[in-house]
Amino acid sequence: MDYLKELNKSQHEAVVETNGPALIIAGAGSGKTRVLTYRIAHLLNQGARPSAILALTFTNKAAREMKERISEIVGENTARYLWMGTFHSIFLRMLRAEHEVIGYPSNFTIYDASDSRSLIKTIIKGFQLDDKTYKPGVVSSRISMAKNNLITPQAYAQNSEVRLADKSMRMPAIAEIYKEYAKRCFLSGAMDFDDLLLKTNLLFRDRPEILEKYQQRFTHILVDEYQDTNYAQYLIIKKLAVHHKNICVVGDDAQSIYSFRGARIENILNFQKDYPSHKIFKLEQNYRSTQTIVNAANSIIAKNKRQIPKTVFSEKDRGNNIKVISALTDNEEGFLVAQEIAQTQLRDHYRNLDYAILYRTNAQSRIFEEALRKRNIPYKIYGGLSFYQRKEIKDLLAYFRLIINPWDNEALKRIINYPARGIGQTTLAKLETAAVNAEVSIWKMISGMPENNPMNLNKGIIAKVLKFRGLIQGFAKIAIENDAFDTAKTIAEETGILKELYSDKSTEGLSRHDNIQELLNGIQEFTLNAKEEGRPDKLENFLEDVALLTDQDTDKDEDKDKVTLMTVHSAKGLEFKNVFVVGLEDNLFPSAQASEKKSAEALEEERRLFYVALTRARENAWLSYASQRYKWGKLDFGSPSRFLIEMDEQYLDGDEIGGSTSASQNPFQQQQVPGNRQITGSKRQPVTPGIRRSTDFVSRKLIEARKANQPGTGFESDDPNKIMQGMTVEHQRFGEGKVLKIEGVPPNKKATVFFKNAGQKQLLLKFAKLKIKG
DNA sequence: CATCGAATACTTTTT
DNA sequence: GTATTCGATG
């Protein structure tokens, strides 16, 4: 078998020793995916049936890529029968197959995070609780925590530990909210993400014969990214593996960075205890990064107490030292990063796709976007609001959802008055209250009309509601008889959504129209593929695919040669020649309250996050931070991350970019504040408290710096008071425009401007960057 | 009931 | 800076 020759010794062992429990510790860049794919291919070559192999990943993308690579070895006709996918998609498939047992319709809806948040909000309102104490986000994460730990609403109510925690947060009613939430989801025929795992567990608990069926079916189970599994996932795997015990988990405890969504690093740490007869394989050679990067990353997590001992090493060159970018302001940070990209590109002939900028939060991307745009460096951003989260897309999808599953209350509430058809909040509230009281879905309530009218709606309103009902019923019929694309097109046209967006000539309106078109194109592609491959091509089938899809999963051609901007979390599993880790103040966590003491575990995870970020780089890494940045309109002072300060000198480049050495290029040099972080000799000093006391001095210097034609800004506003009606002005993003109206008094003075390229905009003058042209 | 403008809150990370 | 919500007005 040729493919085995491509493996080193430990990789080879991990691939061929397929009997019994196996723990594969795969350090960053150690060829994990290769081992996993070859192991599966090897199983198949040894005669295992593909449908008996269950392989679980964390992202659709990982599953797809692995499937492709396995196809190349064993052929597509074998690979297609593998049970390979994300935890959520595999168990969704299982739950749909077993829907009768759990009392759900087969076409149950998946509520995404915003659906479940809005339902929680409704419940909080219905209970007449104060939504300032009961923040939907917090309540939602409590419920999610409960589900991930398999605590049902009944168990929650009796669990003194969680109840006590709720009380200490002054939210004793969470148990009630959870119960109501679960009930309403059930009445809507809906599950949220966490339900997919919870209900699978309950199914296995309550129906041993079904568990038995799957235990027999899967002779081999493989789990990728095992360090990121939560309790619910852990238990599913454990139960399924009972019979054959051929469970192979792959992961790296050093890359466990998902505790916030319930991931338990204990799962991988305790695997050896769970399965005493296990074999352990350690993939320790890093084929990705230079020695400098590997060693620097190792040095960071070396301080962590809880980890599986291993020595990750690289046999590549020592490579360049890691460069430090020390910027005074956020804008300067963006400028310096863009400048570094441009300079290294010229010098070393890198392409745009060789670069990634990694940050902690999506909101940090803007500064770098602007800086790259100014230099005409093409870039792409992952994360932020995904395609499927845009309003117009969610609206159209809500129609689809309601047609497939009319019980879906969240979908119904979204569209019953979109486009406007005279069914307002009051009517909707009446309908919902009546539905809740009768313990049915809103649609059931509407179905009983006009004979049943417990909420005293007047004739005109009833007529409007019935018209809506007829519309949906008509669509439902079309959906049964036609393929997904025809149905979707009919809906988009007949509801008037397409027309409404088409007539909206503003920039937003145009892009919304484009998005709808793109969705329709996607559905068309789905339909064509389905027809070709003989799969069902109905709207229902499209919707199943789309529920668990994120747009991280789609790679577009036009995105080929671009600089990548993404969060450290979403960069996991990827690699780039050159990586900028930016916003490195206060433990890579800009919004952390400096005073709040972090638990030891949280600090260890911060280290691992840093480790993940650094090990994405093949050749060069930059670490950058800004001393001052604007955070919700106010100046915020940051000290460099403790990891930067702790890191051994030998890995760092002595010439700090934007620091003391590049004075000639850096107009900020003169404004550098005494006491700010500088390299003096070989020992760097952390920021002294003194800097915080001299706030006035610093902000005065900062304002001066901004006035002195700061490189990162490049566009200075003229005095807002001088902007008058009729003037021609230039905006930094929208281009040239004419001032139609000025209104309000400072600081809320506003201008209505008509831009040639961007249409009419209202701008708040204290923020908008406008220059007077004539 | 819809629309507009003003006030307010909001920022980890994601299947 | 932006998204969302609330209240006044038509």
Side-chain angles (χ1 to χ4, degrees), chain A residues 56-63 85-92 110-114 117-118 121 125 131-132 135-137 141 144 147-148 191-197 225 228-230 232-233 256-263 358-367 370 382-386 388-389 391 417-428 458 460-461 464 508 547-553 566-572 583 586-592 602 605-606 608-609 612-613 629-634 636 733 743-744 748 750 752 762-764 766-769:
Chain A
L56 297 165
T57 62
F58 260 77
T59 61
N60 296 306
K61 198 173 165 192
T86 62
F87 276 89
H88 291 82
S89 68
I90 292 286
F91 296 115
L92 169 63
I110 309 297
Y111 275 179
D112 69 12
S114 73
R117 263 242 307 286
S118 102
K121 227 181 205 166
K125 262 195 195 138
D131 63 357
K132 292 220 167 61
K135 287 187 182 140
S141 70
S144 171
K147 286 182 173 176
N148 285 330
M191 292 195 196
D192 62 21
F193 285 136
D194 302 317
D195 279 332
L196 297 175
L197 305 174
E225 308 278 16
D228 286 330
T229 49
N230 61 32
Q233 291 164 326
S256 168
I257 54 174
Y258 279 102
S259 69
F260 70 90
R261 69 170 201 217
L358 306 181
Y359 35 78
R360 181 67 193 265
T361 70
N362 284 310
Q364 285 168 275
S365 67
R366 185 176 301 128
I367 300 265
E370 273 177 32
Y382 287 84
L385 76 153
S386 88
Y388 293 100
Q389 285 170 345
K391 186 192 170 302
N417 199 30
Y418 177 80
R421 40 176 81 88
I423 306 171
Q425 283 179 357
T426 331
T427 310
L428 185 57
N458 68 43
I461 299 284
K464 285 173 186 166
E508 295 90 355
L548 296 175
L549 218 61
T550 60
D551 64 354
Q552 313 253 340
D553 298 328
M566 56 167 57
T567 61
V568 179
H569 282 88
S570 46
K572 188 138 147 254
D586 297 334
N587 293 347
L588 227 153
F589 188 359
S591 67
E605 182 156 309
E606 296 293 328
R608 295 194 292 266
L609 194 62
V612 169
R629 66 176 74 238
Y630 274 99
K631 212 156 67 183
W632 49 97
K634 286 202 177 77
D636 192 67
R733 267 182 299 152
E743 59 196 317
N748 290 323
K750 273 192 208 166
T752 312
Q762 269 215 341
L763 305 168
L764 208 49
K766 80 176 154 182
F767 292 129
K769 297 218 166 129

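Order of the sequence lines fixes the chain letters, A, B, ..., with proteins taken first and strands second; residue numbering starts at 1 for each chain.
- The aromatic ring of A:Phe260 is stacked on the base of B:dT13, with the two ring centres less than 5.5 Å apart and the planes inclined by under 30°.
- Here B:dT15 is the nucleotide among B:dT12, B:dT15, B:dC1 with the atom lying nearest to any side-chain atom of A:Thr86.
- Phosphate proximity of B:dT14 to A:Ser570: present, with a side-chain N or O under 4.0 Å from OP1 or OP2.
- Taking the six-membered ring for Trp and thresholds of 30 and 60 degrees, A:Phe193 and A:His88 have ring planes more than 60 degrees apart, a perpendicular arrangement.
- Spacing between B:dT13 and C:dT4 at atom P, rounded to whole Å, works out to 16 Å.
- Here, C:dC6 and B:dT11 have their C1' atoms 23 Å apart, quoted to the whole Å.
- To the nearest angstrom, C1' of B:dT15 lies 18 Å from OH of A:Tyr382.
- Computed from coordinates, the A:Phe58 CZ to B:dT15 P distance equals 10 Å when rounded to whole Å.
- Each of A:Glu605 and A:Thr426 was assigned the nucleotide of DNA chain B with the nearest heavy atom; the assignment lying further toward the 5' end belongs to A:Thr426.
- Between A:Asn362 and B:dT13, a side-chain N or O to OP1/OP2 separation shorter than 4.0 Å is present.
- The interatomic distance linking A:Leu428 (CG) with B:dC1 (P) rounds to 10 Å, in whole Å.
- Residue-level contact check: A:Tyr258 touches the backbone only, with heavy atoms under 4.0 Å from sugar-phosphate atoms and none from bases.
- In this structure, the side chain of A:Gln233 engages the main chain of A:Asn230 through a donor-acceptor pair within 3.5 Å.
- Nearest nucleotide to the A:His88 side chain, out of B:dT12, B:dT15, B:dT14: B:dT15.
- Remark: A:Thr567 is not in phosphate contact with B:dT12, judged by side-chain N or O atoms under 4.0 Å from OP1 or OP2.
- Other residues, nucleotides and ligands contribute at most 12 non-hydrogen atoms within 6.0 Å of the CZ atom of A:Arg117.
- Of the inter-residue distances, the one linking A:Leu196 atom CG with A:Leu92 atom CG reads 5.5 Å to the nearest 0.5 angstrom.
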List every contact pair, protein side and nucleotides 4-8 of chain C side both N or O, where the distance is under 3.5 Å.
{"unit_1": "C:dT5", "atom_1": "OP1", "unit_2": "A:Lys121", "atom_2": "NZ", "d": "2.6"}

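- Rounded to whole Å, atom P of B:dA9 lies 9 Å from atom NZ of A:Lys135.
- Per the geometry, NZ belonging to A:Lys391 stands 13 Å off P belonging to C:dA3, to the nearest Å.
- Backbone-only engagement by A:Asn417 is indicated by non-hydrogen atom pairs under 4.0 Å involving sugar-phosphate atoms exclusively.
- Between the A:Asp192 side chain and the A:Asp112 main chain, no donor and acceptor come within less than 3.5 Å of each other.
- Of the inter-residue distances, the one linking A:Thr59 atom OG1 with A:Glu225 atom CD reads 8.0 Å to the nearest 0.5 angstrom.
- Remark: P of B:dT15 and CD of A:Gln233 are 12 Å apart, rounded to the nearest angstrom.
- Comparing B:dT12, B:dT14, C:dT2 by their closest approach to the side chain of A:Arg366 singles out C:dT2.
- OP1 or OP2 of B:dT15 has not a single side-chain nitrogen or oxygen of A:Ser89 nearer than 4.0 Å.
- The minimum heavy-atom distance linking A:Asp194 with A:Ser144 is given by the pair OD2-OG, 2.9 Å.
- The shortest side-chain heavy-atom distance between A:Leu358 and A:Met566 falls under the 4.5 Å cut-off.
- Atom NZ in A:Lys464 sits roughly 8 Å away from atom P in B:dA2 (whole-Å rounding).
- The distance between atom CE of A:Met566 and atom C1' of B:dT13, rounded to the nearest whole Å, is 13 Å.
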